[in-house]
2 protein chains.
Amino acid sequence: MTPSTETLTAERILEATEEVLRRHGPAKATVVDVARALGVSHGSVYRHFRTKAALREAVTKRWLDRTSASLTDVAAEARDPEARLRDWLAALFTAKRRKAGDDPELFATYLVLTGENVEAVGAHITDLTGQLTRIIRDGADTGAFTATDPATTARAVFHATARFHDPGYAQDWDQPDIEAQFEAVVDLVVRGLRA
Amino acid sequence: MTPSTETLTAERILEATEEVLRRHGPAKATVVDVARALGVSHGSVYRHFRTKAALREAVTKRWLDRTSASLTDVAAEARDPEARLRDWLAALFTAKRRKAGDDPELFATYLVLTGENVEAVGAHITDLTGQLTRIIRDGADTGAFTATDPATTARAVFHATARFHDPGYAQDWDQPDIEAQFEAVVDLVVRGLRA
DNA sequence: CAGCTGACAGATTTCAATATCTGTCAGCTG
DNA sequence: CAGCTGACAGATATTGAAATCTGTCAGCTG
């Protein structure tokens with residue numbers, strides 16, 4: 001809407017795209033809308049992103065990366081691996097649940113985007129299971145956990161806790177006993193890891 | 001299509017409805033189609049089912065009950081609870097995976113139906129976790145498992161293995177290493193249950 | 001007269017015409 | 001002349017009128 005003297009960068013386009021997605025939703029957000037929000041012609045947007053799909057993918061990646069970043073600290077700490085694993089899983093659940101609860105419409109939008117960008121989601125999951133692998137390997141090293149193949153075990157832990165981070169289950173995250181369900185699964189998984 | 005001299009029963013209507021759903025898919029299957037398939041007027045169908053939604057719900061329940069029935073035997077056997085649990089989970093996974101793989105279109109149809117009938121799905125899940133509770137309680141009684149609250153533990157096991165029975169994950173069930181993923185999660189869960 | 005039919009009102013879906021969008025590119029502009 | 005514009009072709013989405021469907025019920029039929 002507002003023309004600007006600032007140079008048009010990929011970054012500014014991504015911010016405008018997020019805003020347009022927030023306003024119009026994934027079905028109605030168009031490249032023309034993004035250009036209008038930036039006060040440029042839509043041809044200029046295509047100078048920075050080859051296709052609309054590429055633009056949406058970039059937005060999706062940014063969003064997923066922001067989620068991962070908030071967890072890396074927990075994964076990297078030098079503490080008791082069991083407590084670290086519990087904290088990491090709780091942090092992941094809390095982060096996802098907050099995103100889903102705070103702005104359900106925006107969350108639904110990102111649910112559509114992740115559905116469109118399976119590859120980006122795959123990279124995100126690889127990142128997350130990598131963080132888990134680190135915690136589990138540390139646990140195996142200190143003797144707290146049994147794990148012949150930390151990477152495989154990490155993926156099993158990730159799959160076993162899917163109910164509490166997979167956006168497809170977001171509808172269940174406001175059940176009154178969801179915390180108890182989370183505790184029960186984490187307890188089961190942690191017991192399964194112990195040496 | 002073919003008129004019949006047989007009396008019109010709920011059973012016959014349900015069979016015809018399954019056939020119509022198979023043929024036309026969930027979006028295009030109409031009550032008029034079902035009536036046509038039975039050679040009656042659609043008014044007659046409404047004599048047995050108050051609404052189209054009720055008819056679809058009945059079809060959904062039948063389908064879910066057929067799945068449950070194939071597992072009750074495994075749950076009720078008098079054998080080593082750990083082996084029984086592994087067999088039960090494997091049987092559930094195999095049954096779902098076969099349904100998804102054999103006729104993907106029909107499976108997609110039932111995915112829509114289960115989405116429409118959350119209540120029926122809830123009853124189905126209650127049934128399945130009930131079967132799991134029995135196995136786990138047996139394990140706790142024989143001393144093979146630790147479980148202060150078998151029902152809660154059963155639900156945790158069900159949630160932890162969701163990737164291998166929740167139809168939402170059907171798209172992942174033809175990954176080459178899906179069996180290894182299943183083994184890893186089941187091993188983790190079984191270790192978590194052991195006393 | 002129990003069970004079925006078929007006409008009907010209102011809701012939903014389909015379809016085709018119209019409008020908008022995506023992606024390209026020749027040419028304009030600072 | 002690097003970066004942007006705006007017109008354009010083909011693809012996609014929107015719209016509103018017509019067709020079909022859902023659910024009801026008075027009356028037919030065996």
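So you know, we letter chains A, B, ... as the sequences are listed, proteins then strands, and number each from 1.
Remark: B:Glu77 engages B:Arg79 in a side chain to side chain donor-acceptor pair (under 3.5 Å) (not counting sequence neighbours).
Counting to the nearest Å, the C1' atom of D:dC4 and the NE2 atom of A:His48 are 11 Å from each other.
Counting heavy atoms from C-beta on, the side chains of B:Leu14 and B:Phe49 come closer than 4.5 Å. Put simply, the side chain of A:Thr67 reaches to within 4.5 Å of the side chain of A:Lys99, judged on heavy atoms. Side-chain contact between B:Arg62 and B:Glu18 is present, with at least one heavy-atom pair separated by less than 4.5 Å.
In DNA chain C, runs of at least 3 consecutive Watson-Crick or G-U pairs, each pair with both distances below 3.5 Å, span C:1-30 with D:1-30.
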For this session: Quick one, give me the B/S/- string for nucleotides 9-30 of chain C, reading 5' to 3', where B means a protein heavy atom under 4.0 Å from the base and S means that only happens at the primed atoms, P, OP1 or OP2.
Result: ------------SBBB------
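Checked for salt-bridge contact, B:Asp102 and B:Arg97 miss the test: no charged N lies under 4.0 Å from a carboxylate O.
In this structure, A:Phe164 has its ring center at least 6.0 angstrom away from the ring center of A:Tyr169.
Atom NZ in A:Lys61 sits 7.0 Å away from atom CD in A:Glu119 (nearest 0.5 Å).
Summarising the local packing, CZ of A:Arg194 is surrounded by more than 12 heavy atoms from other residues, nucleotides or ligands at distances under 6.0 Å.
For C:dC4, the OP1/OP2 oxygens have no side-chain nitrogen or oxygen of B:Ser44 closer than 4.0 Å.
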